[in-house]
Amino acid sequence: MPVDIESVPVAYSAILPMLLVLGAAAVGVLVEAFVPAARRRVAQVVVALAGLVGGLVAVVALAGEPDRLVVGDAIAIDGPTLFLQGTLCLLGIGAVLLLSESSLDSSGGDIVSSAAALPGTREDLRLAESQGVQTEVYPLAMFALGGMLLFPASNNLILMFIALEVLSLPLYLMAGLARRRRLLSQEAAVKYFLLGAFSSAFFLYGVALLYGYAGTVDLGGVREATLLAQDDDLLLYLGLAMLAVGLLFKVGAVPFQAWTPDVYQGSPTAVTALMASATKVAGFGALLRVLYVGVAEVRWDWRPALWAVAILTMVAGALLAVTQTDVKRMLAYSSVAHTGFLLVGVVTLDTDGLAGTLFYLLTYGFTTIAAFAVVTMVRDSAGEATHLSSWAGLGRRSPLLAGTFALLLFALAGIPLTSGFTAKFAVFQPALDDALPLVVVGVVASAVTAFFYARVVVLMFFTDPAPDGPSVAVPSGFTTAAIALGAAVTVVAGVVPQPLLDLAQSAALFTR
């Protein structure tokens with residue numbers, strides 16, 4: 001007997017930002033197939049930037065429309081969605097600019113032309129010095145960004161899982177594309193893939209348990225079911241715990257942060273910048289939607305666990321960063337600490353905390369993009385010189401670069417008149433009333449992080465450079481633009497933060 005399947009109307013204008021970015025990714029695949037190799041790189045950059053700029057314009061155009069649920073109530077178009085999608089488009093532009101850099105490495109870029117070569121073989125050595133690059137990295141990045149745009153907009157847990165996989169799978173591949181230190185890069189890709197696969201399995205199992213509890217995978221339906229929740233509802237709490245594993249893994253919270261330093265260190269730095277900024281924005285967007293829309297009615301049951309995760313994340317990130325001797329690993333553990341600071345804003349579960357979290361994600365993303373862009377410019381014969389000893393005396397060799405990096409480190413530390421100070425105030429202030437212990441731990445952890453940021457500044461400006469130390473490469477306009485954009489947002493959001501704070505406040509309302 002035939003079964004009538006009701007068609008779901010699609011509001012194409014509402015999902016236009018995602019369509020443009022994913023469309024640019026599909027066009028990038030066609031570019032790989034039909035454009036000659038000599039022109040492929042330029043074509044990919046143009047397509048990627050056009051898709052991201054188009055997506056940003058579409059987000060701005062949607063900002064004046066009323067909040068609504070579209071595509072069978074599976075996608076939410078509301079303030080947090082549009083704010084985060086606009087942030088992701090801007091961060092994606094910065095990441096594509098870094099991926100497009102070809103003048104820092106004598107071989108034409110930090111992306112290898114073939115990631116399958118075994119490390120240490122003749123083929124591997126030849127590829128390290130060849131002029132070829134893996135231009136497939138651009139459509140991979142665009143597919144990842146497309147998944148990131150969908151992730152915080154998903155009002156349906158199955159769609160959220162699909163978005164999780166769409167954003168994750170390209171990143172697993174991109175982590176293994178570093179031209180130099182191939183063994184470290186391949187190790188990063190394998191670790192990220194294996195641990196990511198486990199976290200995705202936990203997420204999917206959590207979705208299945210929540211479906212068993214609520215009879216639906218729509219977050220609105222889950223919320224209605226939790227109105228009658230009891231303390232012994234095992235399916236609800238076990239499902240929520242497993243769902244949280246997948247989301248907390250993506251944002252790098254303790255105890256699911258083990259992948260962060262190894263993957264950040266081994267990946268091409270442009271890819272690390274994309275992961276450290278955009279992935280965190282998307283992950284927190286999805287986490288916020290689940291907590292604020294799906295399970296807000298049982299907040300008193302899960303908030304204590306999130307408190308513990310926030311405290312552990314702040315403490316572990318701050319203490320482990322102090323012990324690092326590699327700049328990328330230090331920034332990785334710094335990222336873990338910032339995840340803890342963001343969780344302080346998340347647990348407040350009010351509009352002020354949500355607005356502060358949105359503002360923090362925006363400013364932290366730009367600061368991180370610029371910081372990793374600076375890392376790409378300090379180089380020796382083996383490529384990027386990321387050991388801290390290589391940064392000694394950088395202020396004498398390149399005062400402008402060292403001064404810019406110092407500004408970005410001050411922002412990460414939360415020094416006043418930088419975006420980092422305003423962002424921390426924005427997430428700590430709403431938590432003073434009912435989460436004061438979290439704020440105290442956050443302030444102490446911020447003081448600890450300030451120590452290792454200051455250590456790098458002292459190393460750059462008050463230590464003599466080694467005679468045979470690394471040099472500072474002259475970047476093209478791509479990297480210069482990425483650094484300038486990140487530094488500008490860091491300064492403006494610290495000196496004149498009110499317009500961005502007002503924008504975040506106006507966006508701090510989920511539709512249900």
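The model shown is predicted, which means the values in this text are computed figures rather than measured ones. One-based numbering along the sequence shown. Both backbone and side-chain heavy atoms feed into the values below; hydrogens, waters and symmetry mates do not.
Between the side chains of S100 and R41, no donor-acceptor pair of N or O atoms lies under 3.5 Å.
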query = Which is it for T260 and R329 under the side chain to side chain donor-acceptor pair (under 3.5 Å) test, yes or no, and what are the steps along the way?
reply = CA-CA 8 Å; T260 308; R329 291 183 71 88; over 6 Å; no
task = Check step by step if side chain to side chain donor-acceptor pair (under 3.5 Å) holds for K328 and S267.
result = CA-CA 10 Å; K328 291 176 73 174; S267 302; over 6 Å; no
task = Please test S200 against E165 for side chain to side chain donor-acceptor pair (under 3.5 Å), starting from the C-alpha separation and ending with a verdict.
result = CA-CA 8 Å; S200 295; E165 294 306 294; 2.7 Å; yes
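The closest side-chain heavy-atom distance from F359 to L503 is not below 4.5 Å. A 4.5 Å side-chain heavy-atom check between L167 and K250 finds at least one atom pair inside the cut-off. Within the 4.5 Å cutoff, no side-chain heavy atoms of V251 are placed close to those of F256. Counting heavy atoms from C-beta outward, N155 and I75 have side chains that stay 4.5 Å or more apart. Two residues are said to be in side-chain contact when any heavy atoms from C-beta on lie closer than 4.5 Å; L394 and V378 meet this criterion. With a 4.5 Å cut-off on side-chain heavy atoms, I77 and V70 count as touching. Side-chain contact between L164 and F203 is present, with at least one heavy-atom pair separated by less than 4.5 Å.
Distance CE/M275 to OG/S335: 10.0 Å, rounded to 0.5 Å. One finds the OG atom of S389 at 8.0 Å from the CG atom of L459 (value rounded to the nearest 0.5 Å).
Ring geometry, Y264 versus W259: the interplanar angle exceeds 60°, so the pair is classed perpendicular (tilted spans 30 to 60°). In this structure, Y172 and Y192 have perpendicular ring planes: the angle between them is above 60°, well past the 30° mark. Between F341 and H338, the ring planes lie perpendicular to each other; the angle is over 60°, past the 30° to 60° tilted range.
Summarising the local packing, CZ of F161 is surrounded by more than 12 heavy atoms from other residues, nucleotides or ligands at distances under 6.0 Å. Few gaps surround OH on Y453; more than 12 heavy atoms of other groups in view lie less than 6.0 Å from it.
Among residue pairs with one or both ends in residues 267-287, none qualify as salt bridge (Lys or Arg N to Asp or Glu O under 4.0 Å); sequence neighbours excluded.
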Output side-chain donor-acceptor pairs under 3.5 Å for residues 11-36, partner residues at least two apart or in another chain, one line each.
unit_1	atom_1	unit_2	atom_2	d
E32	OE1	T135	OG1	3.2
E32	OE2	Q44	NE2	2.7
E32	OE2	T135	OG1	2.6

Side-chain donor-acceptor pairs of residues 490-501 under 3.5 Å, sequence neighbours excluded:
unit_1	atom_1	unit_2	atom_2	d
T490	OG1	T367	OG1	3.0
T490	OG1	G486	O	2.8
Q498	NE2	D502	OD1	2.8

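Among L88, V427, L84, L91, the one residue that satisfies the side-chain contact (heavy atoms from CB on, under 4.5 Å) test with L361 is L84.
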